[in-house]
Amino acid sequence: MSITVLGIESSCDDTSAAVIRDGVLLSNVIASQDVHAEYGGVVPELASRAHQQNIVPVVDTALKRAGIDRHDLTAIAFTRGPGLLGSLHVGTSFAKGLSLGLRVPIVDVNHLHGHVLSHFIRREENDPVPEYPFLCLLVSGGNSQIILVRNYNDMEILGRTIDDAAGEAFDKCAKVMGLPYPGGPHIDRLAAEGDASRFKFAKPHIPGFDYSFSGLKTSFLYTLRDNLKLDPEFIEKNRADLAASLQKTIIDILMDKLDKAVRQTGVRTVAIGGGVSANSGVRDAVEQYCARRGLTAFIPPRVFTTDNAAMVAIAGYYKYLDRDFCRYDSVPYARTTI
Ligand code: KG4
């Protein structure tokens, strides 16, 4: 009998629902929230309310696009954390209610596991998936980690950021350049037209596999100021070169530790995930690095780099196969690691 899992994601500012049958994606619907744009960041209270508005139509659309009825569902997977608590409560409560109504089990998913496991979402039956063990560079607005993935439920963080995440470095530097939030995609776009060798920014010297991006942020800020004030004319004239140089520095920092992890573990497969893995420069760098060293690279389709329920559904699918269900008295968690 086939196994049909509904995934629900509501950890931050995207309400998403997806259906996966026997590991193959049938639908993935994402409602992004525009309400935050004018605030320059996600406002938790507004996010929770928007999830409340979106969740029923988003799930409904996901079921329709999958061509199934809700009674065809075998299990419901939902993001339990980490994320914004108010937002997580919406998805968690909805999943519990639907599961009780349909008499199918619920499966809780760690959002970070979801990002790592997004490489197992197959759009066609024969799509390739990574073999264990593999290394995953997880880079998002909140995380920069190198993870050794031994199995779907056995992941070890080899390195993590000790201050800002890579996405924060993109977003905060973009903000001082006057670019809209989130700045990562704007830097990506501008960088394509700029000279990456024009500016030199600080690179960290941290032992092991850990990352640091706060020094880069400070040195970027210092480049943009004139007599302790930001210099708008300078920024305007050098936008593309600043973006290209910033992006190159972030990529160099990411690749330096990734290379170290590859050498030390001897692992032959490298994957990337999280919002920053949508960055053209990061994608090219990982692909070229793997090609040079004869490694297998897994670069996710862009739709699976940011928050989506397809990754929740696939993570839930594997837990379901292990009968690893969630209790009804489980509550969301704001913070956790892998
Ligand atoms: O995984 P994600 O959607 O959620 C959070 O963890 O917040 O990642 C969002 C991050 C933001 O920092 C955003 O600027 C960054 O991913 N991002 C990018 C690109 N697309 C999204 N950064 C650089 N280049 C991009 N193309």
Side-chain angles (χ1 to χ4, degrees), residues 9-16 28 30-33 36-37 39-44 47 79 81-84 87-88 109-119 136-145 147 160-161 163-177 179-194 196 211 213 216-217 220 240 242-255 271-286 299-312 334-338:
E9 156 65 32
S10 71
S11 65
C12 189
D13 60 341
D14 292 303
T15 319
S16 180
N28 184 41
I30 305 173
S32 300
Q33 305 176 357
H36 310 287
Y39 300 98
V42 177
V43 184
T79 304
L84 302 170
S87 294
L88 290 164
V109 170
N110 175 326
H111 182 81
L112 302 175
H113 281 205
H115 273 303
V116 174
L117 297 175
S118 61
H119 296 282
C136 184
L137 176 67
L138 180 59
V139 273
S140 68
N143 292 282
S144 302
Q145 300 177 339
I147 302 162
R160 52 162 60 87
T161 180
D163 41 57
D164 286 353
E168 267 175 290
F170 271 110
D171 295 343
K172 288 176 179 171
C173 293
K175 193 171 181 174
V176 289
M177 282 176 69
L179 297 169
Y181 176 87
H186 297 281
I187 299 282
D188 192 354
R189 185 176 38 81
L190 281 171
E193 302 148 22
Y211 286 117
F213 289 97
L216 160 64
K217 201 177 58 187
F220 186 80
L242 283 166
S245 305
L246 171 70
Q247 180 166 300
K248 180 175 184 304
T249 313
I250 293 176
I251 293 169
D252 287 351
I253 296 172
L254 290 173
M255 294 310 294
I272 54 174
V276 177
S277 68
N279 183 271
S280 327
V282 171
R283 297 166 80 87
D284 288 351
V286 172
I299 314 286
R302 278 198 167 81
V303 62
F304 299 143
T305 59
T306 46
D307 294 347
N308 67 87
M311 68 184 199
V312 178
R335 286 174 195 284
T336 185
T337 58
I338 282 289

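Indexing begins at 1, ligand by ligand and atom by atom, following the structure's order.
Between Cys12 atom SG and Gln33 atom CD the span is 8.0 Å, to the nearest 0.5 Å. From Leu190, atom CG reaches atom CG of Leu242 across 9.5 Å, with rounding to the nearest 0.5 Å. The distance from the CZ atom of Arg283 to the CD1 atom of Ile299 is 6.5 Å, given to the nearest 0.5 Å.
What sits closest to atom 26 (N) of ligand 1 on the protein, heavy atoms only, is Asp188 OD2, 2.8 Å. The single protein non-hydrogen atom nearest to atom 17 (N) of ligand 1 is Gly275 O, 3.5 Å, given as residue, atom name and distance. For atom 14 (O) of ligand 1, the closest heavy atom belonging to the protein is Asp171 OD1, 2.6 Å.
For the residue pair Asn308 / Ser16, no side-chain donor-acceptor distance below 3.5 Å is found, with atom types taken as modelled.
When only interatomic distances are considered, the shortest N/O to N/O separation between Ser140 and ligand 1 falls below 3.5 Å. For ligand 1, none of its N or O atoms has an N or O atom of Gly183 under 3.5 Å away. Taking any N or O of Gly184, backbone or side chain, at least one lies under 3.5 Å from an N or O belonging to ligand 1. Below 3.5 Å of separation, one finds an N or O of Asn279 facing an N or O of ligand 1. Annotation: Gly141 places an N or O atom under 3.5 Å from an N or O atom of ligand 1; distance criterion only.
Under a cut-off of 6.0 angstrom, the local environment of NZ in Lys248 is sparse, with at most 12 non-hydrogen atoms contributed by other residues, nucleotides or ligands.
The atoms of ligand 1 that sit less than 4.0 Å from any heavy atom of Ala278 are 20 (N), 26 (N). Ligand 1 places these atoms under 4.0 Å from at least one heavy atom of Gly142: 6 (O). Of all atoms in ligand 1, numbered sequentially from 1 with element shown, those under 4.0 Å from a heavy atom of Gly167 are 12 (O).
Side-chain atoms of His111 do not come within 3.5 Å of backbone N or O of Ser10 as any donor-acceptor pair.
Residue Ser144 forms a side chain to side chain contact (heavy atoms under 4.5 Å, CB included) with just one option from Thr161, Ile253, Asp163, and that option is Thr161.
The shortest distance between side-chain heavy atoms of Thr305 and Asn279 does not fall below 4.5 Å.
The backbone and the side chain of Thr306 each have at least one atom closer than 4.0 Å to an atom of ligand 1 (non-hydrogen atoms only).
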